[in-house]
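Quick notes on the structure that follows.
Basis for what follows: all heavy atoms, side chains included, without hydrogens, waters or symmetry-related copies.
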Amino acid sequence: MTDEYKSLHEKACQWFIKHGHKEEAIQYALTAENYELATNLILSIVSNLLRRREVTTLQKWLHQLPSSFIERPDILIVLTWAEMLAGKYENVNLFLGKINSALQREPQQERTIRLKEEVGVLENFNALLMGDYELAIKLLMKLAERQTMPDVKIWLDYGIELNPGELPFIRGFYGMNGRLNQTYQFHQFYDVFIEKNHYHESAYAAYQRAAFSEIHYQKNHDHLALKHAETAIRLAKSFRLVGAYIPAIIIKAKINQNEAIEILHLAKEYLTQLNLQSSYWSQLLSAQIIQFELARGEMKKVDKWVESCRFQELAEIPPNREFEILVYILLLMKEKKYGQAEHWALRLLNQAEKSGRIMTRLETHLYLAEVFRRVDNSFESINQLTQALKLGEEHGYLRIFSDVSFDSKPLFKQYLQVKNKRSQLDIMTVVSKEYLASVLQVVGVYDKYDESKVHALTTRELEVLQLLSKGLSNKEIAAKLVLSEGTVKIHLNRIYSKLGAKGRVEAIQKMNK
């Protein structure tokens, strides 16, 4: 490259800088091989690019820098953010190692302190993205325990868009792929961190409040869910963080059912003000509006919405489109296209199982349970609901069972009919009686639940009774369960007492009532 050519690009760069067009100036600085100027320009606008998740161009610029610039701690941190936001996680640990090594060689000054804080944030997000949730909790707990925080501003303070399009937000990495109990623990420490250091008005508090509102909603704590949603909405609008705004506004709409459609249409108007009316966020809001309308029996604008989603073109279902697919399955059920609904649900379930997406698995099991119930396959319906309940108790879900936009009461009534009759003993011990009672209260069928019948007997007593119903003698039962005949007799006496039965025949009859 000739000096004259470099000089022309240098002049063009300076012209763009003078007229306030730094982004346009950067490529000219790179072409002119003025890497110091290019680096300074990149650093001056990087907060805006990261905030908007516009990382493709940023990555292109960074990779044009020579290694001596690339390996600077501040540039490595920017590159790490860009790679993470682009979903390229393979180099993150390598970059973090290089940053820490470089920082150890630098004198302790404000810039170094700030960069160390950047590394701490990146390490925490990397743990979440890599699925090392115990490490993520441990790192955040360590951060929350710090007595003082340095008065420095890191990239996260500028409002990086952390939501890649997940709805609910906790379905994805910020909710540990839907592991609600672990997520709750994580965000409790996050809450302590925010409160202790007075970060209530920070950009990243918007995401924490949005996630916290979703967690409390799933745990059926509407008051706390709405409180955190309102805070998230206010902060998200202040920092223009649409990825925090959309989940929070939807929680607000769900809690205020009578005003839900109006709330969501006002949110769409807000997106239009931001010139985001054609964005994926607007599409998500449309999907939520369709879900509400379907739950109310409305079929308006459905065809137009389905056409805009282009579901048939999806060879694989991207994680950030799982919510839309669930709404589509609901629509197919409304149209009594149960074969297609089962097809899409099984596709979604298969991908969720491979990727460990707990919330998506749980919801899909629920939708499949309803599909099978409607085609009179009660065995498979109960099996799917059992899987959903098992995941629900393991991870702490409640509201999800009544929040599926179809009437789940018939599904649970069917489940209880089988459970109360004891005709399928294997489903009785999948979840605890306390958890099942809580779910039934949320769904609204608790009065149909004969708790005394289902839970009066212990697991071992149920096993003995099951073998008894098959006609086995005490000796055969003892051999089958590796017990003494005396122990079997003790179990039988307790069974008769609990069921109010006078003997074997009456116990079996009471079991099948």
Taking side-chain contact (heavy atoms from CB on, under 4.5 Å) as the definition, give me every residue that meets it alongside Ala295, ordered by chain and number, with sequence neighbours left out.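 For Ala295, the residues satisfying side-chain contact (heavy atoms from CB on, under 4.5 Å) (neighbours in sequence not counted) are Ser405.
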With sequence neighbours left out, write down each residue that passes side-chain contact (heavy atoms from CB on, under 4.5 Å) with Ala205, or none if nothing qualifies.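 Result, side-chain contact (heavy atoms from CB on, under 4.5 Å) vs Ala205: Ile194, Ser202, Leu235.
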Measure from the side-chain N and O atoms of [X] to the backbone N and O of [Y], and report whether any donor-acceptor pair falls under 3.5 Å.
X	Y	answer
Ser213	His228	no
Glu393	Ser432	yes
Ser408	Phe401	yes
Lys196	Ala144	yes

Mind checking salt bridge (Lys or Arg N to Asp or Glu O under 4.0 Å) for [X] and listing every partner two or more places apart, or none if nothing turns up?
X	value
Lys252	Glu230
Lys337	Glu335
Glu363	Arg171
Glu324	Arg321

Neighbour count >12 (heavy atoms, 6.0 Å) for atom [atom1], [X]:
X	atom1	answer
Arg240	CZ	no
Asn258	CG	no
Lys334	NZ	yes

Mind checking what makes side-chain hydrogen bond (donor to acceptor under 3.5 Å, both in side chains) contact with [X], not counting sequence neighbours?
X	value
Glu161	Tyr207
Asp222	Arg399
Lys480	none
Glu316	none

Quick one: ring pair (Phe, Tyr, Trp, His ring centres under 6.0 Å) pairs with a partner in residues 350-372, sequence neighbours left out?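 Residue pairs passing ring pair (Phe, Tyr, Trp, His ring centres under 6.0 Å), neighbours aside: Tyr367-Phe406.
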Under a 4.5 Å cut-off applied to non-hydrogen side-chain atoms, are Leu50 and Tyr158 in contact?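 The answer is no, as the side chains (C-beta and beyond) never meet within the 4.5 Å cut-off.
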Are Met84 and Leu122 packed together at the side-chain level, in the sense that at least one heavy-atom pair is separated by less than 4.5 angstrom?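 Of all side-chain heavy-atom pairs linking Leu122 with Met84, at least one is under 4.5 Å.
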In chain order, what residues pass the ring-ring contact (aromatic ring centres under 6.0 Å, His included) check against Phe125, with sequence neighbours excluded?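 Trp81.
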Check: Ser308/Gln283 side-chain N/O donor and acceptor closer than 3.5 Å: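 Gln283 and Ser308 do have a side-chain donor-acceptor pair below 3.5 Å.
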Assert yes or no for the condition that the ring centre distance of Tyr133 to Phe186 is strictly below 6.0 Å.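 Aromatic pair excluded; centres sit 6.0 Å or further apart.
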